[in-house]
Novice: 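Please see the structure below; I have some questions.
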Amino acid sequence: MKLYNSLTRTAELLEKSVLNIYSCGPTVYNYIHIGNARPSILMDVLIRFLETQNIEINFLQNITDIDDKIINKAIEQNQSEEIVSKQFTEAYLNDLKSLNVKLPNKITPISEKMPEMIAFIQALIDQGDAYVSGGNVYFNINKQKANYGQLSGRKIEELISGERVEIDLNKKNPLDFTLWKNTDIGKKWNSPFGEGRPGWHTECAVLIEDYFKGKTIDIHAGGIDLKFPHHENERIQYIAKNKIELANLWMHNGHLTMSGEKMSKSLGNVILVKEFVSQYNPNLLRWIFLTTNYKQPLNISDDLIEQALKFFEKLNNLRKKVIKEIALNNFNLKKINSKDSLYVQDFFKFMNDDLNTPKVLSLIEALIKNINNKVDANDVVDLLFILNTLGFGNVFNLDISKEEIAQIKKWKDLLDANDFVEADKLRDKLKTKGLI
Ligand SMILES: Nc1ncnc2c1ncn2[C@@H]1O[C@H](COP(=O)(O)OP(=O)(O)OP(=O)(O)O)[C@@H](O)[C@H]1O
Ligand SMILES: [Zn+2]
């Protein structure tokens with residue numbers, strides 16, 4: 001398949017049978033919002049799709065369980081940092097489950113890798129790629145000028161004059177970033193360079209090095225806001241330490257916005273995942289994300305939610321229609337053609353084209369229309385396959401027991417015999433079960 005690589009700014013062919021993937025996980029100081037769910041659902045769709053082609057996936061994600069935001073929350077709640085991070089790690093995993101997102105192969109809280117972090121930073125100091133100053137350890141950008149800025153596509157001079165860089169007299173170069181932070185508050189670890197905590201960029205780089213044994217991974221994913229400085233700084237440390245690229249391909253999803261502004265905890269314009277799923281079927285969010293290419297920004301609105309509701313209503317009506325065919329006309333879900341149909345071929349073509357999900361949704365619409373015209377086993381099986389691959393769970397569930405078939409038949413007989421009172425009673429029962 002072809003995927004867009006933020007590093008080379010081209011769509012590149014992905015042709016391996018085993019893929020090592022990393023995605024930056026949440027900082028666990030709060031519940032996640034539906035914007036945070038965009039990278040999770042994106043990776044879920046990508047991985048489910050790759051798995052249909054028997055590609056083996058090794059997917060690692062971190063949990064940032066040490067951070068200033070967690071410390072502040074712990075102080076605010078008068079609780080330990082461990083309790084706060086444990087509470088929100090569990091909430092995060094629950095939210096993923098509620099969205100039918102398959103968990104990564106490995107989820108590692110960064111606090112579990114402290115000796116590895118310290119060894120990594122020490123190695124960078126030993127080789128002159130990092131230095132101790134004012135109790136902190138900084139990465140030495142001057143030594144890596146040739147590689148720095150490649151991911152974000154910015155020149156060092158531009159970055160230095162940029163307003164995002166804070167002036168710090170401890171630094172040799174204003175772009176030098178913190179690998180180890182000497183701090184007064186929060187949990188601290190002992191290290192040869194003093195008590196403190198690792199910086200966020202180092203955490204991801206070390207986890208990747210540790211889990212993937214210092215190799216170049218295939219895909220590194222995360223939201224576009226992480227491209228600079230976070231991913232740039234992850235990458236440069238890895239290059240300095242291991243003399244190889246961190247990732248062959250960098251994948252960045254666009255932001256979910258609300259009224260045109262990035263959905264963000266700090267701005268407060270958030271819909272939490274747990275709020276969303278208590279109000280709507282979680283599949284709505286997945287559908288909403290698929291309406292737009294993952295690289296583009298996506299604005300959530302009442303109108304879009306309305307469109308999603310309509311789509312699932314249509315799908316549910318179709319499901320009932322097929323169930324009726326199964327119960328009353330002995331419709332059999334066996335595929336007649338063993339070869340991939342044109343629909344499935346198109347599905348692969350669109351997905352292979354950098355996950356062109358808007359086109360996939362149009363394809364689903366066409367398939368639904370076709371089945372509505374004539375309930376055909378090949379079409380129904382194709383629709384099931386496509387919905388399943390996209391991770392829509394059992395939204396198009398056609399399972400029906402013999403007993404339920406008998407009840408639908410009986411309802412039909414009662415109607416034919418004009419026994420409307422009994423027919424209505426049975427109809428209510430079948431309706432509650434979502435069968436008609
Ligand atoms: N509005 C958004 N749309 C899409 N992805 C987002 C959005 N906000 C955050 N992300 C992504 O969610 C993932 C988790 O990030 P993280 O926990 O750092 O969120 P965050 O940046 O703290 O959120 P916020 O900006 O709301 O405080 C990252 O990959 C990040 O890029
Ligand atoms: Zn990261």
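Here the structure is a predicted model, which is why all the values come from computation and not from measurement. Atoms within a ligand are numbered from 1 in the order they appear, just like the ligands themselves.
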Novice: Less than 3.5 Å apart, which donor and acceptor atoms pair up between the side chains of residues 107-120 and the rest of the protein, not counting sequence neighbours?
Specialist:
unit_1, atom_1, unit_2, atom_2, d
Ser111, OG, Asp65, OD2, 2.6
Lys113, NZ, Asp210, OD2, 2.8

Novice: Does a sphere of radius 6.0 Å around NZ in Lys102 hold more than 12 heavy atoms from other residues, nucleotides or ligands, not counting ones at 6.0 Å or beyond?
Specialist: yes
Novice: According to ring-ring contact (aromatic ring centres under 6.0 Å, His included), who are the partners of Trp250, at least two apart in sequence or on a separate chain?
Specialist: His220, His231
Novice: Just list the N/O pairs, ligand 1 to protein, that are under 3.5 Å apart, with the distance for each.
Specialist:
unit_1, atom_1, unit_2, atom_2, d
ligand 1, 1 (N), Leu256, O, 3.0
ligand 1, 1 (N), Met263, O, 2.8
ligand 1, 3 (N), Leu256, N, 2.7
ligand 1, 5 (N), Gly35, O, 3.1
ligand 1, 5 (N), Asn253, ND2, 3.4
ligand 1, 12 (O), Asn36, ND2, 3.2
ligand 1, 17 (O), Thr27, N, 3.4
ligand 1, 19 (O), Asn36, ND2, 3.2
ligand 1, 25 (O), Lys262, NZ, 2.9
ligand 1, 25 (O), Ser264, OG, 3.4
ligand 1, 26 (O), His33, NE2, 2.9
ligand 1, 26 (O), Lys265, N, 2.3
ligand 1, 29 (O), Gly223, N, 3.0
ligand 1, 31 (O), Gly223, N, 3.1
ligand 1, 31 (O), Asp225, OD1, 2.5
ligand 1, 31 (O), Asp225, OD2, 3.4

Novice: Is any NZ, NE, NH1 or NH2 atom of the basic residue among Glu245 and Arg235 found under 4.0 Å from an Asp or Glu carboxylate oxygen of the other?
Specialist: yes
Novice: Thinking salt bridges, do Lys143 and Asp129 make one under a 4.0 Å N-O criterion?
Specialist: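 Salt bridge between Lys143 and Asp129, a charged N being under 4.0 Å from a carboxylate O: yes.
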Novice: May I ask you to list the protein N, O or S atoms found at less than 2.8 Å from the Zn ion (ligand 2)?
Specialist: Cys24 SG, Cys204 SG, His230 NE2, Glu234 OE2
Novice: Do Phe88 and Tyr31 have ring centres separated by under 6.0 Å?
Specialist: yes
Novice: Taking Arg9 for its side chain and Leu7 for its backbone only, find out whether a donor-acceptor pair lies under 3.5 Å.
Specialist: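 The answer is yes, because a donor-acceptor pair under 3.5 Å joins these two groups.
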Novice: Would you say the ring centroid of Tyr211 lies under 6.0 angstrom from that of Tyr22?
Specialist: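 Ring-ring flag for Tyr211/Tyr22: false, centres at least 6.0 Å apart.
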Novice: Would you please indicate if the ring centroids of Phe396 and Phe392 are separated by under 6.0 Å?
Specialist: no
